[in-house]
Participant: 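Sharing a structure, written as structure tokens. Questions coming.
Just so we're on the same page: letters track the sequence lines, and every chain starts at 1. Computed from a prediction, not measured in an experiment: that's the story for all the values here.
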2 protein chains.
Amino acid sequence: MMEENMELYSQVGRNLREIRRQRKISLEELAEKSNVSKLTLGKIERGEANPTLNILWKICRGLTIPLASLLVFEEKTEVYRFGVDPHFNGPNNDWFVDPLFKTFGTMEWYRACIEPNSEYSEFHLAGSEETILVLNGQLEIKVGKMHHLLHQWDVMKFKGEEMHTYINRSDEKVHLMLSLTYKDVNQTL
Amino acid sequence: MMEENMELYSQVGRNLREIRRQRKISLEELAEKSNVSKLTLGKIERGEANPTLNILWKICRGLTIPLASLLVFEEKTEVYRFGVDPHFNGPNNDWFVDPLFKTFGTMEWYRACIEPNSEYSEFHLAGSEETILVLNGQLEIKVGKMHHLLHQWDVMKFKGEEMHTYINRSDEKVHLMLSLTYKDVNQTL
DNA sequence: CTCATTTGCATACTATAATATACTTTTTAG
DNA sequence: CTAAAAAGTATATTATAGTATGCAAATGAG
């Protein structure tokens, strides 16, 4: 097997093994319950397999656990180096966003940049809260119909579901940190 | 493609498409970012593919979203009929547990049954709370060193991390509902 | 409408996931 | 310690996921 994603496979395997052991059932029993061969189950648990969505599904059904549970784990320390890691550009290269820290569900972190004399609008799902910190320069933010002018290191928090616009009226790039918090896992999508 | 898990594949595809559309990037752009072929991405979005864990991983990395996000969705209404759906037996068939409702993370529901004149011990992770309701007969419960005798429809709540034992001293099966609540998603595994 | 972009689709090919079977090693229970 | 059960391994086979290419259909902007 390719050694590309060993760490991922190991994590998933560890999760499965832990759950199975907790239930005190053998590989063979699980094979019956899930209709996945004992060999495949073993390989997955040992991190030697790249299982199919269908197989993951069958295993989770066999254990009556949610599909995502096998794929949740502490991801290793993550470092995103400024200017090195890829980011998402806006349609006119007037802003970009680096999503940071692939934490699950309740919180997301972004590093963003708005080009001089440009703006960017968005809104998020109900129940989300957005917190931003301006890293440099000054930034105008419109939330609903209210405008706010923020300076370096100013922090602001608002309801994410309201349409909001980041406006950079200066002649320099403005950078900001941005975090989104959701009330509920199901609302992150 | 087999039509076995169409519903599952559709759900995952819908999630992916929604996220991609939200980011306003084309299939081709995502193909570049994720190193997954445009064709495969398209198939997944249309629910015509059974993607590999590796592929899911690459897609999520390309979008810098948590791996599990594509697999979280409202599962349909679930009905577990008593005595019909499979359950997990204890080592001596002296108890069995039906895990119910594949809800994610914070709460788990079980239906359990203890055979006459037998018992079952367990404990859970720190921070969990267990709530039980006796459905019929009477059940003795030992939590730590304290014993409690519960009768039909009695309800009891205790810290799941303490070792606890369900004891059925009667000559009839005792059924109970049981729920586990965790403080944190990461503690469910 | 028309053109350009994006998406869907068919075919053929390659890589590999999943299984069956049988055997070895490790773990567990008595 | 020994026997039995469980888990890991090897090989060969089958099924299918993933890709490349080229083209058709749908979508969207002007």
Participant: Can you pull every protein N or O that's under 3.5 Å from an N or O on nucleotides 18-24 of chain D?
Facilitator:
unit_1 : atom_1 : unit_2 : atom_2 : d
D:dG18 : OP1    : B:T52  : N      : 2.9
D:dG18 : OP1    : B:T52  : OG1    : 3.2
D:dT19 : OP2    : B:S37  : N      : 3.3
D:dT19 : OP2    : B:S37  : OG     : 2.8
D:dT19 : OP2    : B:T40  : OG1    : 2.5

Participant: One thing to verify: whether A:E48 and A:K43 come together as a salt bridge, which I'm taking to mean a side-chain N less than 4.0 angstrom from a carboxylate O.
Facilitator: no
Participant: Polar atom pairs between nucleotides 26-30 of chain C and protein, under 3.5 Å, N or O only, would you list them?
Facilitator:
none

Participant: Taking CG from A:L27 and P from C:dT19, how many angstroms apart are they, rounded to a whole number?
Facilitator: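 Interatomic distance, CG of A:L27 to P of C:dT19: 13 Å.
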Participant: Runs of at least three consecutive Watson-Crick or G-U pairs, both distances under 3.5 Å, are what I'm after; which ones involve DNA chain C?
Facilitator: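 So the stems come out as C:1-12 with D:19-30, C:14-22 with D:9-17, C:24-30 with D:1-7.
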Participant: Please confirm whether the backbone N or O of B:E29 pairs with a side-chain atom of B:S26, one donor and one acceptor, at under 3.5 Å?
Facilitator: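 It does hold such a pair.
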Participant: Check whether any side-chain heavy atom of A:K33 sits under 4.5 Å from a side-chain heavy atom of A:I59, and report yes or no.
Facilitator: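 Side chain of A:K33 against side chain of A:I59, heavy atoms only: no contact under 4.5 Å found.
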Participant: Are any of A:R46's side-chain N or O atoms less than 4.0 Å away from OP1 or OP2 of D:dT9?
Facilitator: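 Yes, such a contact exists.
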Participant: Has the side chain of B:S170 got a donor or acceptor atom that lies under 3.5 Å from a matching backbone atom of B:E172?
Facilitator: yes
Participant: Without decimals, in angstroms, what is the distance between A:R21 CZ and D:dA5 C1'?
Facilitator: 14 Å
Participant: In whole Å, I'd like the distance from the CH2 atom of B:W57 to the P atom of C:dA17.
Facilitator: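 Distance check: B:W57 CH2 to C:dA17 P gives 17 Å.
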Participant: Kindly indicate whether the side chain of B:I55, heavy atoms from C-beta on, has any atom under 4.5 Å from the side chain of B:I44.
Facilitator: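 Counting from C-beta outward, B:I55 and B:I44 do come under 4.5 Å.
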Participant: Looking at residues at least two apart in the chain, or sitting in another chain, which of them share a side chain to side chain donor-acceptor pair (under 3.5 Å) with A:N35?
Facilitator: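 A:N35: no side chain to side chain donor-acceptor pair (under 3.5 Å) contacts found.
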Participant: Nearest whole Å is fine: how far is C:dT16 P from B:N54 CG?
Facilitator: 10 Å
Participant: Return the set of residues passing side chain to side chain contact (heavy atoms under 4.5 Å, CB included) with A:R14 (not counting sequence neighbours), or none when no residue passes.
Facilitator: A:E7, A:S10, A:Q11
Participant: Is a side-chain N or O of A:S34 found less than 3.5 angstrom from the main chain of A:L30, in a donor-acceptor match?
Facilitator: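 The answer is yes, because a donor-acceptor pair under 3.5 Å joins these two groups.
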Participant: Taking only residues two or more places apart in sequence or in another chain, which ones pass salt bridge (Lys or Arg N to Asp or Glu O under 4.0 Å) with A:E140?
Facilitator: A:R169
Participant: Using whole Å, report how far CZ of B:R17 lies from P of D:dT27.
Facilitator: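 The answer, rounded to whole Å, is 11 Å.
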Participant: Looking across every strand, which nucleic acid part, if any, lies under 4.0 Å from A:R20 by heavy atom: base, sugar-phosphate, or nothing?
Facilitator: sugar-phosphate
Participant: Does the side-chain hydrogen bond (donor to acceptor under 3.5 Å, both in side chains) test come out yes or no for B:N168 and B:N117, once each step is laid out?
Facilitator: CA-CA 5 Å; B:N168 178 6; B:N117 302 299; over 6 Å; no
Participant: Please check: side-chain N/O of A:N50 versus main-chain N/O of B:N54, any donor-acceptor pairing under 3.5 Å?
Facilitator: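 Answer holds: yes.
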Participant: Tell me: NZ of A:K24 to P of D:dA6, nearest whole Å?
Facilitator: 15 Å
